[in-house]
Amino acid sequence: MENLELEQVCGKAEEELNAVDDLNALQQLKANYLGKKGFVATIMANLKDLTIEKRKELGMKSNQVKQALEARFEAKRKAIENKIVQAKLATETIDVTLPGVKFNVGAIHPLQKTIMDLEDLYISMGYTVAEGPEIETDEYCFEKLNLPKGHPARDMQDTFYINPELLLRSQTSPVQVRTMLQESGKPIKIICPGKVYRRDADDATHSHQFMQCEGLVLGKDVTLADLKGALLEMARMMFGKERNIRLRPSFFPFTEPSVEVDVSCSRCGGKGCSMCKNTGWIEILGAGMVNNNVLRMCGYNPDKIQGYAFGIGVERVTMLKYHIDDIRNFYLNDIRFLNQFKEVK
């Protein structure tokens, strides 16, 4: 009687499987036959009431039926899924003769491109890249750079103060201070790219937020000639191999002697034009030998260690390189402006 019931289960399952063409219906049918309360499970649950001989015989037969049904249900599932895929493909054919969809491809921002170029250049010359916090202490941003309290550069009109001791850094020089204090008298060769903040009214050439890339080299017998060589390499990388630079005396509290650095005009080749105001030269940055007071305050002996520092305005050199006349273009996210730099390598 039990064997007959199992055979009846197989035949009934086969009939119902042939009529099913939906995955949800198939799942429900499988639960009716192979689930915890299905036909096969019910038959196997009654084995306990049989003799040992009958239990073995019917148990083996039940397992065979169960495995056969599982294989049949799996085959049916694959057949239904394949049928669905084929129907979908038939309705979603692709016309390969249609024009392709144009995807908008982005580009590296010109300021980021300048930073990357500067990093590549100076890393190739043995420098490392150093970074620091944008919220700085008054001590690191001013005092240890030979800018005591009361100095004009600390005026509230020039600097974003958070409180008397904290401010948004107005230069990346605090990164140099932190590095010197950390190295404790050892030689240094770093560049410090990053954002800085000043209380400037935004116009074509000024912004309350801009970027700098400062450099610092400390060691034995470092001279102004070394500084000139490092800046000449930068000028030629940015503006062309035929460019030259000149150093003019200037004043910065944290360097002595200090210089303003000019590059020969890339438009007129130094002959004079409206871009260079007919001088043949364009000012690009400030630099100088690190002031002895700064060295002492940061743990260096100026009798044994000398060095130079320079500060490159990233927006300024980028504007000169690509002939951009308004600094605000960098921050407006105007696609028409940014698309011009897709081909810049």
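Looking at Gln176 and Glu214, their side chains do bring a donor and an acceptor atom within 3.5 Å of each other. When only modelled atom types and interatomic distance are considered, Arg243 and Ser264 share a side-chain donor-acceptor pair under 3.5 Å.
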Discussion item. Walk me through whether Phe142 and Leu167 qualify under side chain to side chain contact (heavy atoms under 4.5 Å, CB included).
Written reply: CA-CA 11 Å; Phe142 291 130; Leu167 50 91; 3.7 Å; yes

Fill in: Check against side chain to side chain contact (heavy atoms under 4.5 Å, CB included), Met289 and Thr255
CA-CA 5 Å; Met289 302 300 293; Thr255 54; 5.8 Å; no

Discussion item. With side chain to side chain contact (heavy atoms under 4.5 Å, CB included) as the criterion, how do Lys76 and Leu26 come out once you've worked through the C-alpha distance, each side chain's angles and the decisive distance to 0.1 Å?
Written reply: CA-CA 8 Å; Lys76 186 65 176 182; Leu26 179 67; 3.8 Å; yes

Worksheet item: Could you go step by step and tell me if Thr318 and Thr114 meet the side chain to side chain donor-acceptor pair (under 3.5 Å) rule?
Response: CA-CA 7 Å; Thr318 306; Thr114 298; 2.7 Å; yes

Worksheet entry | Worked check of side chain to side chain contact (heavy atoms under 4.5 Å, CB included) between Leu320 and Phe239 | CA-CA 8 Å; Leu320 291 172; Phe239 305 111; 3.7 Å; yes

Worksheet entry | Residue pair Lys321, Asp117: steps toward the salt bridge (charged side-chain N to carboxylate O under 4.0 Å, His left out) verdict | CA-CA 12 Å; Lys321 180 174 182 178; Asp117 288 342; 3.8 Å; yes

Worksheet entry | Chi angles and distances behind the salt bridge (charged side-chain N to carboxylate O under 4.0 Å, His left out) call for Glu136, Arg178 | CA-CA 11 Å; Glu136 261 297 356; Arg178 289 176 176 272; 2.7 Å; yes

Practice prompt. Determine, stepwise, if the pair Tyr197 / Glu134 fulfils side chain to side chain donor-acceptor pair (under 3.5 Å).
Written response: CA-CA 9 Å; Tyr197 307 84; Glu134 294 179 20; 2.5 Å; yes

Worksheet item: Which is it for Asp262 and Arg248 under the salt bridge (charged side-chain N to carboxylate O under 4.0 Å, His left out) test, yes or no, and what are the steps along the way?
Response: CA-CA 8 Å; Asp262 302 332; Arg248 293 180 289 106; 2.5 Å; yes

Fill in: From CA spacing to verdict: side chain to side chain donor-acceptor pair (under 3.5 Å), Gln28, Asn32
CA-CA 6 Å; Gln28 182 60 49; Asn32 293 341; 3.3 Å; yes

Worksheet item: Given the rule in the salt bridge (charged side-chain N to carboxylate O under 4.0 Å, His left out) test, do Lys12 and Glu15 qualify, once you have shown the distances and angles that lead to the verdict?
Response: CA-CA 5 Å; Lys12 184 175 176 59; Glu15 290 179 7; over 6 Å; no

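Listed by first and then second residue, the salt bridge (charged side-chain N to carboxylate O under 4.0 Å, His left out) pairs involving residues 327-337 are Asp326-Arg328, Asp334-Arg336 (not counting sequence neighbours). The ring-ring contact (aromatic ring centres under 6.0 Å, His included) analysis of residues 77-100, with sequence neighbours excluded, yields no pairs.
Residues satisfying the side chain to side chain donor-acceptor pair (under 3.5 Å) criterion with Tyr127, sequence neighbours excluded, are Tyr308. Partners of Ser124 according to the side chain to side chain donor-acceptor pair (under 3.5 Å) rule, which considers only residues two or more places apart in sequence or in another chain, do not exist here. Considering only residues two or more places apart in sequence or on other chains, His109 meets the side chain to side chain donor-acceptor pair (under 3.5 Å) condition with none of them. Asn244 pairs by the side chain to side chain donor-acceptor pair (under 3.5 Å) definition with Arg236, not counting sequence neighbours.
The line from CD of Glu183 to CD1 of Ile305 is 11.5 Å long, rounded to the nearest 0.5 Å.
At a threshold of 4.5 Å between non-hydrogen side-chain atoms, the residues Asp158 and Asp200 do not count as touching.
The cationic group of Arg199 lies under 6.0 Å from the six-membered ring centre of Phe160 and within 45° of the ring axis, placing it in a cation-pi geometry.
Salt bridge absent: Glu70 and Lys30 never bring a charged side-chain N and a carboxylate O closer than 4.0 Å. Ion pairing between a basic and an acidic side chain is recognised when a charged N comes within 4.0 Å of a carboxylate O; Arg77 and Glu74 show such pairing.
Partner of Phe254 under the side chain to side chain contact (heavy atoms under 4.5 Å, CB included) criterion, chosen from Val177, Val294, Asn293: Val294.
For Phe310 and Tyr122, the ring centers sit closer than 6.0 Å to each other. Ring to ring, Phe210 and Phe330 are not that close: their centroids are 6.0 angstrom or more apart.
For the residue pair Cys213 and Leu118, the shortest heavy atom distance occurs at CB-CD1, 3.9 Å. Nearest heavy atoms, Leu338 versus Pro110: CD2-CD, 4.2 Å. Of all non-hydrogen atoms in Ile284 and Val263, the two that sit nearest each other are CG2-CG1, 3.5 Å.
Counting non-hydrogen atoms of other residues, nucleotides and ligands closer than 6.0 Å to NZ of Lys189 gives a total above 12.
Leu231 and Ile123 fall within the same hydrophobic cluster, defined by Ile, Leu, Val, Met, Phe, Trp and Tyr side-chain heavy atoms under 4.5 Å apart, directly or through other members. Using a 4.5 Å cut-off between side-chain heavy atoms of Ile, Leu, Val, Met, Phe, Trp and Tyr, with links allowed through other members, Met297 and Leu145 fall into different hydrophobic clusters. Val175 and Ile135 sit in two unconnected hydrophobic clusters of ILVMFWY residues. Membership requires side-chain heavy atoms under 4.5 Å apart, directly or through other members. Residues Phe341 and Tyr331 share a single hydrophobic cluster, defined by chaining ILVMFWY side chains whose heavy atoms lie under 4.5 Å apart. Tracing side-chain contacts under 4.5 Å through hydrophobic residues (I, L, V, M, F, W, Y), one never reaches Ile108 starting from Met238; they form parts of separate clusters.
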